[in-house]
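Here is how names work: the chains are called A, B, and so on, in the same order as the sequence lines, proteins then strands, and each is numbered from 1.
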Number of protein chains: 2
Amino acid sequence: MTNNLDTFFGAMSDPTRRAVIERLVTGPAPVSELHAPHDIALPTFLRHLKVLEDSGLVRSEKKGRVRTVHIEAAPLAVAEDWLQNQRLIWEGRIDRLAALAEQIERTAP
Amino acid sequence: MTNNLDTFFGAMSDPTRRAVIERLVTGPAPVSELHAPHDIALPTFLRHLKVLEDSGLVRSEKKGRVRTVHIEAAPLAVAEDWLQNQRLIWEGRIDRLAALAEQIERTAP
């Protein structure tokens, strides 16, 4: 799981790659459509796609001259779980501190 | 927000830095305690802490000879929100596809 989170968070640290994910959660898309909103050269864009593919976040298939890209949603869920766990532990601590403060206040002379 | 997510996801792409966050959600800790479980030199570990501090994920304060590190939980929530949004959009699409498939099945001859 360590390596999954390494590659997932690394892949998501770039705004172009996050924009591709934001587009693909709405459905598969051809490479040309994914590239269109980005003001970067196609080879640079393809390197971003390769990072996403290498990290298991997308897969693609070619039919004729069109390569269509699909999202693989599982890594998103793994990262969301990790973040949610950290938040729950942190919130649990805050709740305990608040309860403790209340108790001290009640028992104060 | 773009830059926040860039630096947050970049910071979280390293297992040592994630381990520090996993420790700090349970409460503040001195640098020496944070460093202890990691089999890396102190200067290397301090560079990881600096990445976390520069990305606004932790802050530290020195009292006497002890530097204590605290978590700043807000960036965790921002990233969790982003991931949750992607998941909800993706799940919405899956639900619509499932409803469509059911409809086609029902109306098939």
Side-chain angles (χ1 to χ4, degrees), chain A residues 1-29 37-38 48 51-52 54-58 69-98 100, chain B residues 1-29 37-38 48 51-52 54-58 69-98 100:
Chain A
M1 202 57 79
T2 296
N3 274 337
N4 284 354
L5 287 173
D6 281 13
T7 54
F8 175 82
F9 284 131
M12 289 300 90
S13 68
D14 179 275
T16 302
R17 295 195 292 262
R18 285 200 306 280
V20 170
I21 294 301
E22 288 169 353
R23 166 62 189 81
L24 290 178
V25 288
T26 69
H38 301 284
H48 283 305
V51 172
L52 291 173
D54 289 349
S55 63
L57 268 167
V58 309
V69 185
H70 305 253
I71 198 167
E72 294 283 356
L76 287 166
V78 171
E80 191 186 349
D81 282 353
W82 185 83
L83 285 169
Q84 191 184 48
N85 276 338
Q86 305 318 311
R87 179 173 54 81
L88 291 175
I89 295 165
W90 187 77
E91 286 176 353
R93 179 173 174 268
I94 297 297
D95 288 348
R96 282 193 300 278
L97 286 177
L100 187 65
Chain B
M1 204 56 81
T2 296
N3 274 336
N4 285 354
L5 287 173
D6 281 14
T7 53
F8 175 82
F9 284 131
M12 290 300 89
S13 68
D14 178 275
T16 301
R17 295 196 292 262
R18 284 200 306 280
V20 169
I21 294 300
E22 288 168 354
R23 167 61 189 81
L24 289 179
V25 289
T26 69
H38 301 285
H48 282 306
V51 172
L52 292 173
D54 289 349
S55 64
L57 268 166
V58 309
V69 186
H70 305 254
I71 197 166
E72 293 284 356
L76 288 165
V78 171
E80 190 186 351
D81 281 353
W82 184 83
L83 285 169
Q84 190 184 47
N85 276 338
Q86 305 317 311
R87 179 173 54 81
L88 291 174
I89 296 166
W90 186 77
E91 285 176 355
R93 179 172 174 268
I94 298 297
D95 288 347
R96 284 192 299 279
L97 286 177
L100 186 67

Working to the nearest 0.5 angstrom, can you tell me the gap between [X] [atom1] and [Y] [atom2]?
{"X": "A:Ile71", "Y": "B:Ile89", "atom1": "CD1", "atom2": "CD1", "value": "10.0 Å"}
{"X": "B:Glu80", "Y": "A:Glu80", "atom1": "CD", "atom2": "CD", "value": "6.5 Å"}
{"X": "A:Arg23", "Y": "B:Gln86", "atom1": "CZ", "atom2": "CD", "value": "12.5 Å"}

Quick check: closest heavy atoms across [X] and [Y], and the distance to 0.1 Å?
{"X": "B:Gly10", "Y": "A:Ser13", "answer": "N-CB, 3.4 Å"}
{"X": "B:Asp6", "Y": "A:Asp14", "answer": "OD1-C, 4.2 Å"}
{"X": "A:Pro28", "Y": "B:Arg93", "answer": "CD-NH2, 3.3 Å"}

I'd like to check B:Arg18 versus A:Leu5 (side-chain heavy atoms, cut-off strictly below 4.5 Å). Are they in contact?
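A side-chain contact exists here, since the closest heavy-atom pair is under 4.5 Å.
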Quick one, B:Leu83 and A:Trp82 - any side-chain contact, counting heavy atoms below 4.5 Å?
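Answer no - side chains too far apart.
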Salt bridge (charged side-chain N to carboxylate O under 4.0 Å, His left out) involving A:Glu91 - partner list, sequence neighbours excluded:
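In terms of salt bridge (charged side-chain N to carboxylate O under 4.0 Å, His left out), with neighbours along the sequence ignored, A:Glu91 is linked to A:Arg87.
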Between A:Phe9 and B:Phe9, what is the ring plane arrangement, given parallel below 30°, perpendicular above 60°, and tilted in between?
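It falls in the parallel class, under 30°.
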